[in-house]
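Just so we're on the same page: letters track the sequence lines, and every chain starts at 1.
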2 protein chains.
Amino acid sequence: MSVSQPVRSPRRRAPRNTLNPDRILDAAIALLDRDGAEAFTMRALAEQLGVGTMAVYSHFRGKDEISDAVAQRLLDTIELPHTETDDPLGELREVCLGVYRLFTEHPSALQLLASRPLRGDDAMAVIDRMLALLRRAGLSGGDAVRGHVMLMRYTVGSALWSTQRDRALCEEGVREQALARLSALPADRYPSLISLAPELICAQDDEGGRYEWGLDRILRGLLSDG
Amino acid sequence: MSVSQPVRSPRRRAPRNTLNPDRILDAAIALLDRDGAEAFTMRALAEQLGVGTMAVYSHFRGKDEISDAVAQRLLDTIELPHTETDDPLGELREVCLGVYRLFTEHPSALQLLASRPLRGDDAMAVIDRMLALLRRAGLSGGDAVRGHVMLMRYTVGSALWSTQRDRALCEEGVREQALARLSALPADRYPSLISLAPELICAQDDEGGRYEWGLDRILRGLLSDG
DNA sequence: ACCTGAACACCGTTCAAGT
DNA sequence: ACCTGAACACCGTTCAAGT
């Protein structure tokens, strides 16, 4: 075994202004995306930043404040369609897909939002845009508000569902297990489940299009009003 | 100060068969509903059962296994409409409302599901029933499968949204803060948000009906197909 | 002002021991 | 077989101290 080599980087005292809120948030998001929500630890975050654990506390009150800031920052990165067309429905679709994409690309951010109350001013720009588009599509003020909540609910639920599904599927042999369990079911108790087994199985492979399929039906249901 | 009174119940050794999986799950659910997911601790669970921390490990492999069992058990308690009517849409509505009710009545169960992959055989009875009703409503096999996923996504998302909203609202002065923030917004950047402020505010009070409003529109969108 | 290590009160779980 | 306490490797955070 080597002797002169220091084994665990004996980090020197970091220079005075290595840290700032932005650098910390960048590292937090990277950590969350790479290792998942349960690995998002003050100690891990500090190590990723090459700094003592307590250094972070000079810039944020604690872990909760960092989590809030991460959520805020991610929600602000949702890209909105730039041009105003005369197709509010198409634009609405785009906005919803943007939100959905954000959550599926940052699954741990979603988990983060799911485990703490939403602050009121999250994603103001997105909400404003959705409301405007719903009104332009002909909805009353009240229906626009209800519709936007509905779309957000469906989108959050879909992202949650997809990411959980993805996590489950990447475990060893879950696929085969699910199939086996399905075909072992008593046919008299679960007739529809059995007869739709083929569709249920192949449904697992089409997560991407699934969100859009439902989205289109929701938009249709929203606008087929008087 | 009293002297002869033992201050912290100096629990005697528990008799041999005080514990069993069912009693443990009951206590776990009670604990989750009463104190929330973050208070759901092996030590707290054991204390609620009047037993040493490690006693629970004789019946479950660990906390994860208990969490899975809790989720399973709750999902099995969803009540399905008993009689088969000739109104598949009405029944479908009932089933969805049952799922929604379960999640809003056991918010921590939802958090639990959100933070771990779904096991495949959760809620088989519910899924089978939904599929059957969708087919009876005239949908093809593939559309029934897609429709059931869509309904579950919307329902899970709604429950998550509502419970988070509720948690936020019961915090001190969040209401006033939200209103203040809303009216302090630059009107040129968020025109729709500003002009719909009244609707947005009063929307906060109508969480219950909100789910059903969207549900009806989803069902309409699902069935207005060829 | 900003960064540090030691210490505190937690957590899930392992382990050897009691009955 | 079932229940136990001590111990281990974690966690977020407080605190007094360095620079």
Under 4.5 Å between any side-chain heavy atoms of B:L133 and B:R93, yes or no?
no
Within the 4.5 Å heavy-atom criterion, are A:L80 and A:M130 side-chain neighbours or not?
no
Sorted by position of nearest nucleotide on DNA chain C, 5' first, the leading residue of B:Y57 and B:R13 is B:Y57
Specify the separation, in whole Å, of atom CZ of A:R61 and atom P of D:dT14.
10 Å
Is any side-chain heavy atom of A:S158 less than 4.5 Å from a side-chain heavy atom of A:F103?
no
Give one of base, sugar-phosphate or nothing for B:A14, where a contact means two heavy atoms less than 4.0 Å apart.
sugar-phosphate
Within a 6.0 Å radius of atom CD on B:E212, are there more than 12 heavy atoms belonging to other residues, nucleotides or ligands?
yes
So how far is it from B:L113 CG to B:L74 CG, rounded to the nearest 0.5 Å?
8.0 Å
Dot-bracket for DNA chain C, please, read 5' to 3', with Watson-Crick or G-U wobble pairs under 3.5 Å on both distances, ( ) within the strand, [ ] crossing, | other strand, . unpaired.
||.|||||...|||||.||
So CD1 of B:I218 and OH of B:Y211: to nearest 0.5 Å the spacing works out to 7.5 Å
Starting from C1' on C:dC2, measure out to CD1 on A:I24 and report it in whole angstrom.
11 Å
Atom CD of residue position B:E79 - does it have more than 12 heavy atoms of other residues, nucleotides or ligands inside 6.0 Å?
no
Out of D:dT4, C:dC2, C:dT13, which nucleotide sits closest to the side chain of A:S58?
C:dC2
Whole-Å distance, A:K63 NZ to D:dC10 P, equals 15 Å
When you match B:T18 and B:R43 each to their closest nucleotide on DNA chain D, which lands nearer the 5' end?
B:T18
So, is A:T53 near the phosphate of C:dG5, with a side-chain N or O under 4.0 Å from OP1 or OP2?
no
Taking the minimum atom-to-atom distance to the side chain of A:H59, which one of D:dG12, D:dC3, C:dC3 wins?
C:dC3
Atom-pair distance (CZ on A:F60; P on C:dC3), nearest Å:
12 Å
Kindly point out which of D:dT13, D:dC3, C:dA1 is positioned nearest to the side chain of A:R16?
C:dA1
Please give, in whole Å, the distance from D:dC10 C1' to A:E38 CD?
14 Å
Hey, could you give me the CG/CD distance between A:L131 and B:E199, rounded to the nearest 0.5 Å?
9.5 Å
Could you grab the distance from atom CG of A:L134 to atom CG of A:L92, nearest 0.5 Å is fine?
5.0 Å
Length of the line joining A:N20:CG and C:dC2:C1', which is rounded to integer Å:
12 Å
Tell me, which of residues 27-34 of chain A have any heavy atom that sits under 4.0 Å from an atom in DNA chain C?
none
Grab the CE-P distance between A:M42 and D:dC10 for me, whole Å please.
18 Å
Please determine whether the number of non-hydrogen atoms from other residues, nucleotides or ligands lying under 6.0 Å from atom CZ of B:R34 exceeds 12.
yes
At 4.0 Å (heavy atoms only), tell me whether A:M54 reaches a base, stays on the sugar-phosphate, or touches nothing.
base
Distance in angstrom units between A:L45 CG and D:dC11 P, rounded
12 Å
Out of D:dG12, C:dT4, C:dG12, whichever nucleotide has its closest atom nearest the side chain of B:T41
C:dG12
